[in-house]
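Worksheet: one structure, shown below.
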Amino acid sequence: MPKWKEEITRRLAPLKLAPAREAEIVEEVAQHLEDSYQELVVGGSTEDEARRMALEELRDEDLLARGLRRVEQDVPQEPIVPGGEGGNNFLASIWQDIRYGLRLLRRNPGFTAVAVITLGLGIGANTAIFSLIDAVLLKTLPVAHPEELVLLRWESPHGATDFFPYPMFDQLRDSSRVFNGMFAFYNLGFATAVDGKPGMAAGQLVSGSYFSVLGVQAAAGRTFTSEEDRVPGGDPVAVISYRYWKRQFGLDPAAVGKSITLNGLPFIIIGVTPPRFDGVTVGDARDIWIPIMMQAQVMDGRPLLNDPKGWFFEIMARRKPIVSLDQARASLNVDYQQIARQETGTRITPQVERELASQKIALLPSSKGLADLSERFAEPLLILMVLVGLVLLVACANVASLLLARASARQKEIAVRAALGAGRVRLVRQFLTEGLLLAAFGGLVGLLFAHYGDDLLLALPLNSGRPLIITLRPDGTTLIFTACVALLSAVIFGSAPAWKEARFDLNATLKADTRSAAAEGGNQRSRWGLRKLVVVSEVALSLVLLAGAGMLVRSLLKLRDVNPGFNQEGVLLVWVDPTLVGYRGNQLVNVYKQVADTIATLPGVRSSSLSALPPMTHRPWRTGVFVQGHVPGANEDTTALWNLIGPNFFRTLQIPLRQGRDFVPQDDSTAPKVAIINEAMARFYFGTDSAIGKRLSFVSPGGGEIEIVGVVGDTKYGSLREATLHMLYLPYPQAPAGSLAFDMTLEIRSAASSDSLVGAVRQAIRGVKGDLPILAFTTLAEEVNNSLAQELMVAELSSFFGLLALVLASVGLYGVMSYTVGRRSGEIGLRMALGARRSQVLWMVLRESLELVAVGVLLGVPLAFAFSSLISSELYGITKGDPLTICAAMALQASIAAFASYIPARRATKVDPMVALRYD
Amino acid sequence: MAMPYIELPSSDREWKKGSAELLILSLLEARPRHGYEISKLIEQRSEGALRFYVASLYPLLYRLEKRGWLQGRWVERSGQRRRRYYRLTRQGRKVLASQRHGWQVFVEAIKRITEVEHA
């Protein structure tokens, strides 16, 4: 019979019709030609003649195609997929896929719930950490053009500081040409009284252009102008923050114009800042701003504004847009050099010239505000981001495994759809749509988890015990991040099963029974391989997380064991601040002495003292020091940490006295100036010689006005990690000018418990002066613990994520092993029928699972090593890739995995051979 | 006398197109038919004057089907290969009646103009 179909198909090829449609037309037209041929043959024509004449029906080579083109162009090319409405355009078919996917998810609630919650955990963890990163590291200040803001930093080879004397600020501000404004600021706590009710507030003294340079408009009332920057003590006005306005006044508009007492002085509230503005330091929200010209009035009467040696004020400026950072720096330093030379005065020796030339002012871009919080938290937050990224990968692997398992059960459905005309692209698209739906729901659940997660995160003592005032709210950036993470998850877990399904063998699937060997041979083996790969990768990733968590926990434990140089147990700390109620100068010194003496007489008190900075509680003070007879090297650090203390400080904290003596009550403001230094400083400056009797100065190299009377043991001061620094102690009655404007802390060592002591101490202080503000009670042990807040946060969170990953990986392993047992039940039944013991069957299944775990662990070890390099800056006392920790993590992983495999393995031993064989 | 078959010249294409739909619709009025049967009937009843080739017949059938005037269906009878039969839809019957009436009016008008005048 002539090959009509080939001829017709050839002529229809240019039309590129859908296969089903083309087949239909070819069949019909071929039938017509065959009928014509037969009629001609019956009528007497030869076969060749009949064939030739029948083909003439097709006329020109392309006539049929031309005729059909006009008709078929409007006919939908895409075959109709069952369950749909025709899919005659792209959007309609996408909507069809979505509805079909939703129906499938509804029909499998158990699977959907597990998948969505798993994804929610992974996505939620990522979102929670990201929102913290966004608030601390990424967000710019809520001001106009934050990229133009810079912080000034004074630098020299001997040290650097962000603090400047006010007269220098005044001159820099006046002579600068490259800035659109410059302001100074100074943080100060306020004792407040509103309508007679006392309270505390975080305050800031600011120069008049603070708000205008930042570009902050008042939400109510007004902010400061240059008018408030002229007359010292002349403008008792205040601007409050929106947060404070809400907390203290309940957003009452009448607050503007109200009177508020700050450190005993009445101020008028003239304005409120916008809701998102909390000052220029992220995480350190300010409540009240007052003009810097009110400084002396709120601080002890001491005029810091006139002191050319009082380095107390921070300075920020706004660079002109057309001026680059380098140009601004160059111009500013020209001004600074002129000012510094004027300050130095008369003769400038070559040495002084060299000193001056080596000093400069750096400009630090401050679009995100002062970098304190971000500097401290950048590293741990980025490590946490990597950790939650790994958790997300484990969660995605788990969901991929679930999808692969479910895909096995859907083979028939897929085969039928393909037979009815659904192309591979359409099938893959359906799978990806289902994946996206899961990811979308997972993302929504993740946002919910992240909301609660953020609350938990902020409750952790992140800021060394001080409250962290940042707002974690799902804003645009966080939502976009969550959406991207959800999309990425969908691609990761959705594409593997989708791709596998797109490559399956249609005929084998339609003919085979689900559990028969033919099906196994065709599709099951490849899918099983992929599931094993997924489980192995989960095991590897969870090992990385466990090992990382283990190292961080061990670092924390080692830090806790560090000897800080003092005895932290049994010491109560009490913060008092008489300056808030007007104590000044000698009055202040006397009241501190009275309080200290009274406390010392309390029953149970072994020893008590006072200090400006107890260890581990504040950022230490640092000062330049000139030691008589010592010529500093070119780049030598000539600074030392320093503290103001009372008598018995070292005895109370049990810091050993190595040479000389402690301070005594006679070391007062009328006595010769004395100091005590630590061993490290003594060794550095004097070697093996005694430091006692040597002299030093804060003021000038030749000054030598302070005599060293004692040397004490080295202590940790800012953190337990720090290397030992030079430490200098001064008796507080001899405090350098301006430095006694701070609160002091009582340290009380007693046998009694801290709780029982608090009441007695409070009563004793009230007995001395009824109005003395007691700011806080805490213990030294608690403060030392708080100093490890960051390490604690990272260790706790990494442990949580490590265990979460372990649980997810174990669930994944359990799922795969259950599936294996189900698939091999025929084989197991056969073995048992042939005499295999239950223990042999158990071992057979366990071995398969332990092989998976072993491969996963082998892959995980080098990854864990690499991960430990990443977190090495957070480690303490632990080497990178610490073998002990990695082995412990491996052991934990293996034992949990064995347990997860044991249940399905035991199920295998319960297989009834007769039942199993019957179904084969 | 049977007229020899004449392939209509292309200038008459429009005329043929307009009448082709009417021909097919009217042939399906009585009962469903397949494509080969339709083409043979046209040739026979026109005594060879009109002939539809495959290249023009099937595009026309599909176009009429697309308009909803015909409905095609695969039918398999025992002992035979399956064939596609076409039948008139309700809409097709309405169109047939309308076109038939139109042609009749047209033909009458032409006849009146071209008839030899009798005395």
Side-chain angles (χ1 to χ4, degrees), chain A residues 1-5 7-15 17-18 20-43 50-77 86 88, chain B residues 2 5-10 13-14 16-18 20-21 23-24 27-28 32-44 48 50-77 79-87 92:
Chain A
M1 189 174 93
K3 295 191 171 86
W4 308 117
K5 286 188 179 177
E7 191 57 41
I8 298 161
T9 306
R10 187 176 59 75
R11 288 167 192 247
L12 294 184
L15 290 179
L17 296 171
R21 178 64 182 151
E22 188 180 279
E24 206 176 47
I25 296 174
V26 165
E27 185 179 353
E28 190 173 7
V29 175
Q31 185 62 56
H32 185 119
L33 295 179
E34 178 64 18
D35 288 344
S36 179
Y37 169 82
Q38 292 296 341
E39 192 179 324
L40 289 163
V41 165
V42 164
R51 182 178 172 280
R52 187 180 46 76
M53 287 163 72
L55 277 176
E56 277 178 18
E57 291 264 1
L58 294 175
R59 310 299 284 165
D60 296 341
E61 181 69 18
D62 64 345
L63 186 61
L64 180 61
R66 285 210 313 268
L68 285 174
R69 180 172 285 123
R70 283 192 287 274
V71 179
E72 296 297 323
Q73 254 167 11
D74 297 333
V75 173
Q77 305 279 358
N88 51 358
Chain B
Y5 109 81
I6 303 164
E7 186 174 76
L8 293 173
S10 57
R13 203 166 53 194
E14 289 307 315
K16 185 178 173 187
K17 202 161 102 180
E21 293 177 4
L23 291 178
I24 289 180
L27 283 175
L28 294 176
R33 301 182 197 277
H34 56 79
Y36 185 67
E37 192 181 350
I38 294 170
S39 79
K40 287 323 284 186
L41 271 176
I42 291 175
E43 194 182 344
Q44 281 162 17
L50 298 172
R51 194 169 166 185
F52 270 93
Y53 289 101
V54 159
S56 12
L57 172 64
Y58 285 95
L60 179 57
L61 282 172
Y62 299 148
R63 193 179 317 125
L64 295 178
E65 192 181 11
K66 202 178 132 195
R67 284 188 200 152
W69 298 353
L70 303 183
Q71 189 186 39
R73 208 162 58 103
W74 287 101
V75 175
E76 198 164 339
R77 295 198 174 133
Q80 295 178 22
R81 283 217 296 278
R82 69 174 194 161
R83 291 171 185 282
R84 200 148 196 264
Y85 280 77
Y86 295 90
R87 67 171 186 82

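By convention in this document, chain letters (A, B, ...) are assigned in the order of the sequence lines, proteins followed by strands, and residues within each chain are numbered from 1.
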Working for side chain to side chain donor-acceptor pair (under 3.5 Å), residues A:Glu39 and B:Tyr36 | CA-CA 11 Å; A:Glu39 192 179 324; B:Tyr36 185 67; 2.2 Å; yes
Hey, are B:Arg83 and A:Asp35 close enough for a salt bridge, meaning a charged N less than 4.0 Å from a carboxylate O?
->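 Yes.
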Please determine if B:Arg51 and A:Glu57 form a salt bridge, counting it only when a charged side-chain N lies under 4.0 Å from a carboxylate O.
->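 Yes, this pair counts.
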Only counting residues at least two apart or in another chain, list the ones meeting side chain to side chain donor-acceptor pair (under 3.5 Å) with A:Glu27.
->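 A:Glu27: side chain to side chain donor-acceptor pair (under 3.5 Å) contacts with B:Arg82.
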Please determine, among A:Gln31, A:His32, A:Glu56, the option with the most heavy-atom pairs under 4.5 Å with chain B.
->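 Highest number of heavy-atom pairs under 4.5 Å: A:His32.
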Give the member of A:Ile25, A:Leu58, A:Val29 that has the highest number of heavy-atom pairs under 4.5 Å with chain B.
->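 Max contact count across the listed options: A:Ile25.
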For the residue pair A:Val71 and B:Pro59, what are the closest heavy atoms and their distance?
->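 For A:Val71 versus B:Pro59, the nearest heavy atoms are CG2-O, 3.4 Å.
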Closest approach of B:Val54 to A:Leu64 (non-hydrogen atoms, all atoms of both residues) |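 Closest pair (atom of B:Val54, atom of A:Leu64, distance): O-CD1, 4.2 Å.
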Does a donor on one side chain sit under 3.5 Å from an acceptor on the other, for B:Tyr62 and A:Glu28?
->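 Yes.
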